[in-house]
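Heads up, the thing below is written out as structure tokens.
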Amino acid sequence: MTTLLRGAALGMLMGVLGVVAAPANAAQSTPALPQMGFNNWNSTHCRDEFNEDMIRGIADKFVSLGLKDAGYQYVNIDDCWANWQRDKDGHLQPNPKRFPSGIKALAAYIHSKGLKFGLYSSAGTSTCEPLKENRGFPGGLGHEKDDAKSFASWDVDYLKYDNCNNQKIDAKKRYTAMADALRESGREIFFSMCEWGENKPWLWAGKAPVEAGSWRTTGDITDTYASMLKIFKQNVVLDQYASMGHWNDPDMLEVGNGGMTDVEYQSHFSLWSIMNSPLLIGTDLRKIKPDALKILLNKDVIAVNQDPLGVQGKQVSDAGGIHVIVKPMKDGSHAVAVFNENDAAKDVNVTVADLGLKAGSYTMRDLWAHTDAKGDGSIKVNLAPHATVMYRISE
Ligand code: GLA
């Protein structure tokens with residue numbers, strides 16, 4: 001029995017039992033926690049250094065740096081992997097200079113490390129990168145079934161599907177066509193929609209007929225504090241639309257790329273984690289500095305993102321540019337992030353009532369210092385400019 005048939009049989013059984021299953025991600029039978037992994041775009045864009053040697057090296061680093069053990073799973077490649085033209089039969093083909101061994105061999109290498117492999121395309125006539133003659137690489141619009149078959153035949157586990165050159169065709173129609181094609185491809189392929197929030201995907205992309213695993217909620221991030229802050233503010237208010245297997249995606253991480261301070265990268269990672277965002281590393285792991293790696297490997301913070309209850313943190317206050325976000329955890333505890341967006345330090349006093357908790361005696365775990373203390377659930381702290389503190393508060 002194929003996985004897809006098993007999924008259908010399970011669905012029927014659950015229907016008989018009156019259990020309502022969370023809709024699975026496109027071709028996936030089990031709804032997943034936010035995806036963790038790597039994507040080359042923020043680090044290389046389309047530069048020549050983006051090639052199979054780099055991606056194999058990244059997979060090696062996942063293992064040797066402990067990222068795989070920390071939960072990072074996907075090694076994904078972005079725009080510019082493809083050749084300028086489809087082959088004579090209309091199939092996508094890789095750029096022979098960047099990926100001379102082919103995509104299937106690259107996927108096999110990544111799988112041999114116990115990792116998963118992701119690819120990129122666009123729900124348009126061509127992709128976004130206008131390198132040559134002001135046009136991108138071949139897009140998936142009108143080729144959905146054929147391209148999904150190629151992805152499955154190459155053992156692809158994940159598709160990031162962009163929005164460029166979409167010919168103004170209805171977004172739901174375009175993303176449904178690819179979601180259907182992935183479901184019919186015979187392989188489980190995680191569907192990551194990159195529609196930039198243009199058509200409020202949080203209202204429709206998680207449900208049938210699309211059932212995407214995640215959808216971008218904003219335009220592209222850049223490696224600056226201002227960009228990170230803007231995107232955070234757009235995404236944090238969308239918590240009610242996220243659910244198990246269907247996540248808001250405020251774009252990939254910039255941690256390690258050098259445009260922000262370590263304090264700002266710590267905020268970036270804290271906020272993305274508590275917003276149940278996909279955690280896709282966007283820096284070249286072959287060159288990462290120890291401080292940035294330490295941020296990405298913070299298991300206390302990752303545990304907030306990957307908590308099995310699967311609830312995106314809710315912003316309970318943003319008065320004076322102090323953002324307080326609370327997230328219920330499966331074991332009954334609450335994760336809290338307090339972020340100071342201001343350029344000046346602030347004395348912050350968050351009461352237990354502000355957090356929506358009852359007065360009492362709590363264990364407060366500081367998720368960046370990794371220390372436990374007894375407390376009454378309130379948080380009193382002098383927060384440096386752009387800094388975030390995170391706690392896990394348990395009875
Ligand atoms: C768009 C996407 C980015 C990246 C580029 C590639 O801008 O939003 O994440 O994939 O295209 O060209």
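Worth knowing before you read on, the calculation uses all heavy atoms, side chains too, and leaves out hydrogens, waters and symmetry mates. Order of appearance sets the numbers: ligands from 1, and atoms from 1 within every ligand.
Using a 4.0 Å cut-off to heavy atoms of E129, the atoms of ligand 1 that qualify are 12 (O). Atoms of ligand 1 found under 4.0 Å from any heavy atom of C194 (numbered from 1 in listed order, with element): 2 (C), 8 (O). Under a 4.0 Å criterion applied to the non-hydrogen atoms of K160, ligand 1 contributes the atoms 3 (C), 4 (C), 9 (O), 10 (O). Close approach of ligand 1 to W196 (heavy-atom distance below 4.0 Å) involves ligand atoms 2 (C), 8 (O). Ligand-side atoms of ligand 1 in range of C128: 1 (C), 11 (O), 12 (O), range being under 4.0 angstrom from any heavy atom.
Looking at K358 and E395, a side-chain N of the basic residue comes within less than 4.0 Å of a carboxylate O on the acidic one, giving a salt bridge. For D347 and K380, the salt-bridge test fails: no basic side-chain N is under 4.0 Å from an acidic carboxylate O.
Put simply, the residue from T363, D366, D331 that forms a side chain to side chain contact (heavy atoms under 4.5 Å, CB included) with R392 is D331. Exactly one residue among K327, Q312, Q306 makes a side chain to side chain donor-acceptor pair (under 3.5 Å) with N276. That residue is K327. Checked options N39, T127, I77, L159; the residue passing with Y120 is T127 (criterion: side chain to side chain contact (heavy atoms under 4.5 Å, CB included)).
Taking any N or O of D220, backbone or side chain, at least one lies under 3.5 Å from an N or O belonging to ligand 1. The shortest N/O to N/O separation between D79 and ligand 1 falls below 3.5 Å.
Protein heavy atom in closest approach to atom 11 (O) of ligand 1: D162 OD2, 2.8 Å. Atom 4 (C) of ligand 1 has D78 OD1, 3.4 Å as its closest protein atom, hydrogens excluded (heavy atom only).
For the atom pair E195 CD and S192 OG, the distance stands at 12.0 Å (nearest 0.5 Å). Atom CD1 in I231 sits 13.0 Å away from atom NZ in K233 (nearest 0.5 Å).
Residue N163 does not touch ligand 1, judged by heavy-atom distances below 4.0 Å. Counting heavy atoms closer than 4.0 Å to ligand 1, residue C164 contributes nothing at all.
Less than 6.0 angstrom separates the ring centroid of Y175 from the ring centroid of Y161.
The aromatic rings of F190 and Y74 are tilted relative to each other, their planes meeting at an angle between 30° and 60°.
Residue contact annotation: T127 has no non-hydrogen atom under 4.0 Å from ligand 1. Assignment of R216 to the shell around ligand 1 is supported, since a heavy atom sits closer than 4.0 Å.
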